[in-house]
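In what follows, a structure is listed as structure tokens, so that the remarks can point back to it.
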Amino acid sequence: MTLASHKFPRALRLLALASALLAGFAAFADEYSDVNQLLRAGKHAEALGKADLYLAGKPRDPQMRFLKGVIQTEAGRTADAIATFTKLTEDYPELPEPYNNLAVLYAGQSQFDKARAALEMAIRTNPSYATAHENLGDVYAKLASQAYSKALQLDASNTAVQPKLALIRELFAPAAKGPTKAVAVAAVPVAAPAPVAKASASAPAPVRAAAPAAQTAVAAPGTEHEVETAVQAWATAWSGKDVAGYLDAYGKDFVPAGKQSRKAWEDERKARIVGKSRISVTLSNMSIAVDAGKATARFKQGYSADSLNVSSRKTLELVKSGDRWVIVRETSGG
């Protein structure tokens, strides 16, 4: 399934929030599941009718509203989908995914300035949202292509521009990647928060040399348990709105994603935590890898605060600081 146009041939990934947001809403799982199944079957009119019926009784429900936007996108009702996602960003500005979806829709219309603005809002909302960062890179590349083309129109003798334009055109060439799909909005099982796969890029991925065997350290017994305990303590402090304990889980070398300063990030986190009447953070499907004094923890995170429920993938990178494991890098999505 493609968006309205092939004018933006590089695939923009769409996090399948339509399914991820369903996690933790067991009371309404049947309604969400029914709409998802109709969407998967391509029965857009029926899916939209069922979504509207649900929203008639719960008009502010962010999960079903997001799913409605996905249905409208799949049905080719781009203007309606843009209106749905725009209103969702107004009512729930803390959610980055609707901004990302808006960017995909705008890019499909070749409105790349609007796509850029939407993605910058997604990143401002969640600086560690990897999908939005990648999509923003794609949009910048397309804007660069347009600028280089304009430069050549104005000055065809400029020999410095042509190689740059050729490089970008090669990156975006459909033949190098096979059939292009701007976005695949697949309705997946309720518990699956995996992102939609992105089409492979034309350029090969950089090869990372393997570390010499002599440099590989074996984790000491119990080390993985120590890392898991530290991660669980971080989630517990967050759930308990223990701001001091939550921030203490981050090491002095932690650098927030984006261009935020450490102080600005801490102030923002304090405001978000204190501003919620209740918070629940649950971790599942955790895998931990330890190498000497460094560790990586990957898991599925369930976040619930007031009327909001979101499920996503998260990765924490930790280092040993004295007798503690502290977080030095945090990414989600992607």
Side-chain angles (χ1 to χ4, degrees), residues 94 96 122-134 193 195 206 208-276 278-305 310-334:
E94 68 272 23
I123 292 169
R124 181 178 178 183
T125 301
N126 180 4
S128 62
Y129 188 12
T131 300
H133 280 284
E134 182 176 2
R208 295 185 179 183
Q215 295 180 4
T216 303
V218 178
T223 302
E224 291 185 5
H225 177 68
E226 293 176 2
V227 174
E228 182 176 0
T229 299
V231 174
Q232 291 289 355
W234 162 80
T236 299
W238 192 0
S239 296
K241 300 176 62 177
D242 176 5
V243 175
Y246 172 82
L247 295 178
D248 190 53
Y250 293 85
K252 60 181 177 63
D253 294 326
F254 174 76
V255 178
K259 298 181 179 180
Q260 271 189 314
S261 67
R262 176 64 180 262
K263 184 180 186 306
W265 173 82
E266 288 190 358
D267 290 343
E268 180 182 282
R269 297 308 300 157
K270 288 177 184 177
R272 288 196 175 189
I273 292 173
V274 174
K276 300 292 188 296
R278 68 166 189 86
I279 296 176
S280 173
V281 179
T282 59
L283 313 181
S284 61
N285 301 332
M286 187 179 299
S287 65
I288 296 173
V290 181
D291 184 0
K294 299 180 180 180
T296 302
R298 296 182 174 86
F299 50 87
K300 173 184 171 182
Q301 175 183 290
Y303 174 83
S304 174
V310 179
S311 179
S312 61
R313 299 287 181 183
K314 179 159 284 190
T315 300
L316 296 180
E317 295 178 19
L318 304 93
V319 298
K320 192 68 176 291
S321 177
D323 59 352
R324 301 174 59 229
W325 286 93
V326 293
I327 302 167
V328 293
R329 180 176 170 81
E330 177 179 12
T331 56
S332 61

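Note that this is a predicted model, so its numbers are computed, not measured. In what follows, every heavy atom counts, from backbone to side chain, and hydrogens, waters and symmetry copies are set aside.
Considering every non-hydrogen atom in both Gly245 and Ala237, the closest pair reads C-CB, 3.8 Å. The nearest pair of heavy atoms linking Ser261 to Pro256 is O-CG, 3.9 Å.
Annotation: the span from Glu228 atom CD to Ile288 atom CD1 amounts to 5.0 Å, rounded to 0.5 Å.
Between the side chains of Asn285 and Ser287, no donor N or O sits under 3.5 Å from an acceptor N or O.
Residues forming a side chain to side chain contact (heavy atoms under 4.5 Å, CB included) with Ser280 (at least two apart in sequence, or on another chain): Arg278, Thr282, Ser304. Scored by the side chain to side chain contact (heavy atoms under 4.5 Å, CB included) test, Ala305 finds Lys276, Ile279, Tyr303 as partners (sequence neighbours excluded). Listed by chain and residue number, Lys314 satisfy the side chain to side chain donor-acceptor pair (under 3.5 Å) test with Gln301 (two or more places apart in sequence, or in another chain).
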Legend entry - Met286 vs Arg298, side-chain contact (heavy atoms from CB on, under 4.5 Å): CA-CA, chis, key distance, verdict: CA-CA 6 Å; Met286 187 179 299; Arg298 296 182 174 86; over 6 Å; no

Please output the side-chain donor-acceptor pairs of residues 263-273 that fall under 3.5 Å, not counting sequence neighbours, one pair per line with the distance.
residue	atom	partner	partner atom	Å
Lys263	NZ	Asp267	OD2	2.9
Glu266	OE2	Arg262	NE	3.1
Glu268	OE1	Gln260	NE2	3.1
Arg269	NE	Tyr246	OH	3.2
Arg269	NH2	Tyr246	OH	3.3
Arg272	NH1	Thr125	O	3.2
Arg272	NH2	Thr125	O	2.9

Name the atoms and distances for all side-chain donor-acceptor pairs under 3.5 Å in residues 315-329, with sequence neighbours left out.
residue	atom	partner	partner atom	Å
Arg324	NH2	Asp248	O	2.8
Arg324	NH2	Asp248	OD2	3.2
Trp325	NE1	Glu226	OE1	3.3

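Residue pairs that meet the side chain to side chain donor-acceptor pair (under 3.5 Å) test with at least one member in residues 230-244, sequence neighbours left out, are Trp234-Tyr250.
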